[in-house]
Amino acid sequence: MPGDSITETSGGYGGGDENRPLRNFKLNESTFLASLMPKKEIGADHFVEAHPQYDGRGVIIAIFDSGVDPAASGLQVTSDGKPKVLDVIDCTGSGDIDTSKVVKADADGCIQGASGASLVVNSSWKNPSGEWHVGYKFLYELLTDTLTSRLKKERKKKWDEKDQEEIAKAVKHLDKFNEKHSNPEEADLKRVREDLQARIDLLRKQADSYDDKGPVIDAVVWHDGDLWRAALDTQSVEDDSDCGQLANFVPLTNYRIERKHGVFSKLDACTFVLNVYSDGNILSIVTDCSPHGTHVAGIATAFHPKEPLLNGIAPGAQLISCKIGDTRLGSMETGTGLIRALIAAVEHKCDLINMSYGEPTLLPDYGRFVDLVNEVVNKHRLIFVSSAGNSGPALSTVGAPGGTTSSIIGVGAYVSPSMAAGAHSVVEPPSEGLEYTWSSRGPTSDGDLGVSISAPGGAVAPVPTWTLQKRMLMNGTSMASPSACGGVALLISAMKAEGIPVSPYSVRKALENTSGPVGELPADKLSTGQGLMQVDRAHEYIRQSRNIPCICYEIMVNQSGKSTPTSRGIYLREASACQQPTEWTVQVQPKFHEGASNLEELVPFEECIELHSTEKVVVRTPEYLLLTNNGRSFNIVVNPTKLSEGLHYYEVYGVDCKAPWRGPIFRIPVTITKPMTVKKHPPFISFSSMSFVPGHIERRYIEMPFGATWVEATMQTSGFDTTRRFFIDTVQICPLQRPMKWESVVTFSSPTVKSFAFPVVGGQTMELAVAQFWSSGIGSHETTIVDFEILFHGIAINKEEIILDGSEAPIRIDAEALLSSENLVPVAILNKIRVPYRPVDAKLGTLTENRDKLPSGKQTLALTLTYKFKLEDGAEVKPQVPLLNNRIYDTKFESQFYMVSDTNKRVYAMGDVYPSATKLPKGEYNLRLYLRHDNMQYLEKMKQLLLFIERNLDDKDVIRLNFFSEPDGPVMGDGAFKSSVLVPGKKEAIYLGPPVKDKLPKNAPQGSVLLGEISYGKLSLAGQEGEESSQKNPVSYQISYVVPPNKVGEDKGKSSSTSLKTVSERLEEEVRDAKIGVLSSLKQDTDEERSEWKKLSTSLKSDYPNYTPLLAKILEGLLSQSMVEDKIHHHEDVMDAADEVIDSIDKDELAKFFSLKSDPEDEETEKKKRAMETTRDELAEALYQKGLALVEIESLKGKKAETEGTKDLFEDNFKGLQKWVDAKSSKYGTLVVLRERRRGRLGAALKALNEMMQDNGDPPKKKLYELKLSLLDEIGWKHLSTYEKEWMLVRFPPSLPLF
């Protein structure tokens, strides 16, 4: 996710006013403006002043982010007049439109758009082929939630005005009627009044249920003989119908060709660009998914010729915008977006990549994206800069990829006094610069430093035009990264101008070896990296080392005698690792760029390295090392035994004996967190009188007692006046897991006590980090005193995850309190169900576009898996793919994306690695899962990938399991266990019974899994004042129950009575039914097929005259015919077929049967009842279809169908239907609607239609909504008609969207 955060500030390296006490600190206008876009802190202002030609000119930066607005302030041109934004790409596909449908214009130059709208093509547009590709997109699908919300408010306001106008008209009509007919007695007048009232009710009800899905944009793509071009019709966005017409649109081509953009309307002020792919079959409308990306681009490169103090770091640099945040997912990055962005960066020959995005990871420096980044850096020499994350202040909180990847420069966020005073407008800035409180810290779980360097982490920078402002303040490592990236652009600009080869290896070394320290302690490097970058110093370093080979040094560390795991540093975190000295083997491997010459570079390479330790008493190392191209290993010894409790940081580093001025050419970080042990009984620990000032952090490392599963903590503050804000973090690191982090942000308005409870892992070191927010309490000059106490609790159990296998046997659970007496109060519930599905279809294909061609030349493949599932009732569901979920960077798979749609192709849900729950109505659904990779074998293995549909159980279906004190308790029904007190040293066994089979939720098929939670203890501070947790126990474990096979029915039903028919009679019936079955199976798509069907139906009618089931099938066959030319004749045929069904039924016998009560115990009577019900349904269906056909014929002929005696055929038929069924039911209600319409009662017709659609539990039927649209048009409610047309495309899209 994007890494912007809360606001913070810090002081700069490099002497001068930045590091002096600031009692007399004052801003003037120029220093205030300069503080909004901090450059002084990293020396960028002086560097550009001294070298105006090195301001980023000749450098191209790829911005991997949420998208950049090319119309934003400062992003039009560079300082030397070149175009600023070279390309704008949506790498995620969120703006892609399927434009594969091709149409041709009629004689008037009109085409039918994909939305169904009639569009006029501009006659001046060149289109030699005459082929127009059409597609459509809902505007809101392209916009951020913030902008969508603003537009919805504006549109709702205007819609309400129109609705109120129509309500006023309807009320006026009703008032007039009431004046004329004060007390109408006649039935017709009553119906008229009801109709007028229905109109008012409908308008008011529609206002309450208004749900704006947004205007629809029609897109048209064509080839003008030279280029693919595209135009949009945005009339539905505009207030004025003359605006936004397709013909008035200035056609655009791919942005990189002409660098032109558009705006949807003045109301939204949202910039977009267009890119055409796949020979016109895909149009990408590119918008940003948050202001984040534009802000980032502005920090790095903005150029304001009239406001130079607000320039970005490198105003001469150019950029390409690679949108990796998917609008469909808010702004979450996707694997597809990340890979396509890398492809684009290489294709555009970029020099730099900035990525201010990231996520936690369970494996550092690992994964598909990391592999491709390594290739891009090592082979194509791109310099990759990325944010370290905003999850501080605890250690080991750096995120992927910025803080965990060796080939990426990870940047921490720094705030200077001038930034605090200016950008953050604090009352009194800090006296020195510091790292923002929330900036993520190293080391990584494998010991790497995590943060490479720091840079200013806040700025007032340009934002997209749709925000309706030029610039805004944001802060986070997201802002620090482009600040550093801009600084690197200055260096590359200088290197290119001075003829120095550009290498990510040499640039990174220069940055790290010339940065200014932030803080005085060695361990501060875990927060700031090597320090605050300094552009001018780095430039001098690069100049001096121009003739030194471009090499990076790959470090691999193993504990001596162990081949695994391999790490990039030494991280001694657990108590056991601090109890004796350890020996480590360090392999140093020089790494040249791909393509380096064997004879000219690799063979001659040899360096004499002097090895140093920052603390020889603790870390001992050899003195020298001769290093060649094939690498060299050496051993070091770490002895933490005499260290005090707490955090200690050291480095082993190598210096080139022949060029010691280079500084460390490689470093091995050594981080030791020596934990304190808990010795008191009952176990607790307290930290008294900790003093805090703004930005101060206290860290404590505690070895969790074995058996601890949760802690209860209290924090008491005193000694301050103004409000104080604290960050409280705890972190534990377990193998192959994301760091186990608990965090809380607490505000104290006055001295008080607050309580917390959170889970822990016994035996693992826990860091407790308490930090006063950097700007909290500024200007107060009073220190805050904090007393922190932690009480350890735990109930150890023999099974953390409980799996009930579906049998009647209970599960035995052994519980033990190892620390102190605890209340054993077990609770277990099953509140979710997961149903497994295998794909019903799998399609594997090659993606042929250049945007999916990897830098290596390999083409990406895509596997689309289709799953089908059905919901008997509405439910909130979440798709789960256990193999792929919850990993973006730490996975070897490239990407995934899913869409859930109903039988009408309406999409209800989309998601990727973090699936979310979506409320779905009853019905059948398709889930399409889209997987990408360049390795066909990987995708082939996934063609039968298992997917779960997880849904929450309704409250009434939640199962609360019972506990027993004896194994036979579930069957015998006695020995229930409620609670007891666990005493240390004594185990207690309890039995968890399986759910009662009768309590299992319906629609829980065999093999599905019921999921829930089980807990054992109870908080001692639950319910106390100040208690933050609403849980009774913060520790719970997963419990699952595998649904067994259904029980076999004891009685399949009474045996059927012996048939009284002869064998020949039964055979004749079988033959007859078989023939009817053949008739039903025949297709009628072509004239020849329809002729064959008619011939057989005629023959069968002759063979089996007046056989109602046959006649009903013939009627059904006529109704299934499509593409009928002579519609009147067709509907007359339907009427004739319906009459044949009606005439074949003895209605008197039918009526007589249903007037009598039948005996449900009599099998023969029940059999006859079923047969008579079938006949009645066939009669009702025939009457219904006849009524529909009559209305269609009337519509086509333009007059009512009457007999010679002016008898209304429709009314007669309708009354006939009413005798047999409830005509207002959802099955037959259409005739009620049509009847009201024929009578001119449009309000009553709409009311009946709405009631019918609400009662119908099946998926929406397009014909009903088309009928509703026609009624709205007929009644003249244009605003409702427009609204329903937009919803038609939501409910009944012509095709599924692209991935």
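Quick caveat, the model's predicted, so the values are computed rather than measured.
When the shell of 6.0 Å around CG of Asp371 is examined, it contains more than 12 heavy atoms from other residues, nucleotides or ligands.
Remark: Pro664 pairs with Asn513, Tyr653, Arg667 by the side chain to side chain contact (heavy atoms under 4.5 Å, CB included) rule, at least two apart or across chains. Take Tyr914 and apply the ring pair (Phe, Tyr, Trp, His ring centres under 6.0 Å) test, not counting sequence neighbours, and it matches no residue. The side chain to side chain contact (heavy atoms under 4.5 Å, CB included) test applied to Glu601 returns Phe592, Ala596, Ser597, not counting sequence neighbours. Every residue two or more places apart in sequence or in another chain that forms a ring pair (Phe, Tyr, Trp, His ring centres under 6.0 Å) with Phe272 is listed here: Phe264. For Ala341, the side chain to side chain contact (heavy atoms under 4.5 Å, CB included) partners are Phe64, Cys91, Cys322, Ile324, not counting sequence neighbours. Evaluation of the salt bridge (charged side-chain N to carboxylate O under 4.0 Å, His left out) rule for Asp279 yields no partner, not counting sequence neighbours. Under the rule for a side chain to side chain donor-acceptor pair (under 3.5 Å), Asp912 has no partner lying at least two apart in sequence or in another chain. With sequence neighbours left out, the ring pair (Phe, Tyr, Trp, His ring centres under 6.0 Å) criterion links Phe1299 to Tyr930. Scanning for ring pair (Phe, Tyr, Trp, His ring centres under 6.0 Å) contacts around Phe369 gives Tyr889, with sequence neighbours left out. For Ser406, the side chain to side chain donor-acceptor pair (under 3.5 Å) criterion is met by Asp365, Arg568, not counting sequence neighbours.
Among residue pairs with one or both ends in residues 931-942, those qualifying as side chain to side chain donor-acceptor pair (under 3.5 Å) are Thr336-Arg932, Arg368-Asp934, Asp852-Arg932, Glu894-Arg932, Glu940-Lys943; sequence neighbours excluded. Under the ring-ring contact (aromatic ring centres under 6.0 Å, His included) criterion, the residue pairs touching residues 489-512 are Tyr505-His593, with sequence neighbours excluded.
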(message) With side chain to side chain contact (heavy atoms under 4.5 Å, CB included) as the criterion, how do Lys496 and Asp351 come out once you've worked through the C-alpha distance, each side chain's angles and the decisive distance to 0.1 Å?
(response) CA-CA 11 Å; Lys496 287 186 173 183; Asp351 303 285; 2.8 Å; yes
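Judged purely by distance below 3.5 Å, without hydrogens or angles, the side chains of Ser452 and Arg508 pair a donor atom with an acceptor atom.
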